[in-house]
Number of protein chains: 2
Amino acid sequence: MPAPRKFTHQQLQAAALELIDQEGLTGLTMRALATRLGTGPMTIYNYVDGREGLERLVTSAVMAQAHWPDDPSGDWRTRVKAIAEAIWRAVRAHPNAIPLILTARSLDEDALVPTEALLQALADSGRSGADLLAAFRVVSGFIAGFAQAELTGPLVAGRDAEAITARMADLPARRFPRLIETAHAATGDPQAEFHSGLKILLAGLDASAPERRG
Amino acid sequence: MPAPRKFTHQQLQAAALELIDQEGLTGLTMRALATRLGTGPMTIYNYVDGREGLERLVTSAVMAQAHWPDDPSGDWRTRVKAIAEAIWRAVRAHPNAIPLILTARSLDEDALVPTEALLQALADSGRSGADLLAAFRVVSGFIAGFAQAELTGPLVAGRDAEAITARMADLPARRFPRLIETAHAATGDPQAEFHSGLKILLAGLDASAPERRG
DNA sequence: AGTTAAACACGTACCTTGTACGTAATCAAG
DNA sequence: CTTGATTACGTACAAGGTACGTGTTTAACT
């Protein structure tokens, strides 16, 4: 009894991501997306539960692009690192979508695969229950927060870096010496910064792992 | 030659935060804010550079509420912990504003005070340059990401917790065992979770501190 | 083959929001 | 009192989300 669907979810996801990549988050509009798909605005509502649903769809699309060499028998540290890097890579491939990923909760199975893998790897460090949850929040919060801070924090590396660093130089040097000093260090590549951060994090996970204590 | 200003920035900030706290982020509207202040919509534009400027103002208001016992002579670990907790408390006092805080960059001096303090404390661990930046990003990213994940991540403690946990139980248990298992651990108080996370982080900062190596 | 019911496509129209523009009101200095 | 600059704010427009209604497609049934 159904009529054939004109589009697939993947088509919507691809079109939405293209819009976001090209025109920024404000470019993602029901109307714009519909136009890009060659249909009317209301058609989108047959595939998605309003604007919020669309945002969840985009989040899923990004998270689903996280791929890593899966080796369940390897060391948990190596695996946590691999998964974290994979998520970070996926997120960073669509910087304009980051606010969405931080904000829109997706319970899509695709989006939960990396989450489950991260939990599993952390569990292999001997954690469970509340300890496991804390460790998970540290890693996932770090990834999301790091990716976003790199774009809109006070210490920036990307585009606009000069403008912002210049405005930081206008701050009273007596009150903000470290900020002014560190602003110049933010010119390196984000990949290296992420690795340094992840290293600190893994050191902490290792030092406080139950596996280690017993 | 000027005409007297009808409002102060603090009045705007207070009114905006009340709106956000009471009606959520979508409740923050130029019109709603103006009405609350008893004036016309366009008056706001005399105090703020459009919608973006308003968001920056809110971000500053929240960050400026971070207070902690300042003891420059104390151990850097203790100080990092105190500052991180203070920021987290300030952020958590207005959960609806968190997406804004993550997204809107503020170069306001008020908003940069906690940042400078955190940088200073981390610098006292012997770090500088890129190392210092990495450490800073880890901590600040963790705070922001943690606060947000607690609200919109797949593992949730607050309101809607039952509904979401229930939907997680519908996931295929074979593919998402850890997720389902951990969903029940997310019922504890966020304060404790944050402490656990921060502990892991500090262990990592300590283990990889240059101060420690020489 | 014709009928039917359910699902889908999508045009129209309304409400809300951000904000450009224009005008009136307010004050300090001359 | 006039002047000049600044602020207050009403009006109006453009853009976006989406409720509603209508037409269309398809598979099953008669």
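Chain A is the first sequence line, chain B the second, and so forth, proteins listed ahead of strands; every chain is numbered from 1.
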Please give, in whole Å, the distance from dC27(C) C1' to Arg5(B) CZ? 14 Å
Under 3.5 Å, which donor-acceptor pairs do the side chains of residues 19-29 of chain A form with other protein atoms, sequence neighbours left out?
from: Asp21(A); atom 1: OD1; to: His94(A); atom 2: ND1; distance (Å): 3.0
from: Asp21(A); atom 1: OD2; to: His94(A); atom 2: ND1; distance (Å): 2.8
from: Gln22(A); atom 1: OE1; to: Arg36(A); atom 2: NH2; distance (Å): 3.1

For the residue pair Gln148(B) / Thr152(B), report whether a side-chain donor-acceptor contact shorter than 3.5 Å exists. yes
Expressed in angstrom and rounded to an integer, what is the separation of Ile44(B) atom CD1 from dT19(C) atom C1'? 13 Å
Give a yes or no on whether a donor-acceptor pair under 3.5 Å exists between the nucleobase atoms of dG17(D), that is its base, and the side chain of Arg31(A). yes
Rounded off to whole Å, could you give me the CD-to-P distance for the Glu52(B) and dT17(C) pair? 19 Å
Roughly how many Å is it from CG in Leu33(A) to P in dG16(D), rounded to a whole number? 13 Å
Figure out the CE/C1' separation between Met30(B) and dG10(D), and round it to whole Å. 17 Å
OP1 or OP2 of dC10(C) less than 4.0 angstrom from a side-chain nitrogen or oxygen of Thr43(A), does that happen here? yes
Between P on dA20(C) and OH on Tyr45(B), what's the gap in Å once rounded to a whole number? 7 Å
Can you see if the side chain of Asn46(B) gets near the phosphate of dT7(D) - specifically, an N or O under 4.0 Å from OP1 or OP2? no
Think Tyr47(A) has a side-chain N or O under 4.0 angstrom from the OP1 or OP2 of dA9(C)? yes
Ignoring backbone atoms, test whether Lys6(A) places a side-chain nitrogen or oxygen under 4.0 Å from the OP1 or OP2 oxygen of dC10(C). yes
Decide if atom CD of Glu52(A) counts as having more than 12 heavy atoms of other residues, nucleotides or ligands within a radius under 6.0 Å. no
Among dT18(D), dC10(C), dG18(C), the nucleotide that comes nearest once only the side chain of Arg51(A) is considered: dT18(D)
Could you give the CG-to-P distance, from Leu54(A) to dG16(D), as a whole number of Å? 14 Å
Please round to the nearest 0.5 Å and tell me the distance separating atom CG of Asn96(B) and atom CD1 of Ile101(B). 10.5 Å
Take atom CD of Glu55(A) and atom C1' of dT18(D), then tell me their distance rounded to the nearest Å. 15 Å
Output yes when a side-chain donor or acceptor of Ser125(B) lies under 3.5 Å from a complementary backbone atom of Ala121(B), and no otherwise. no
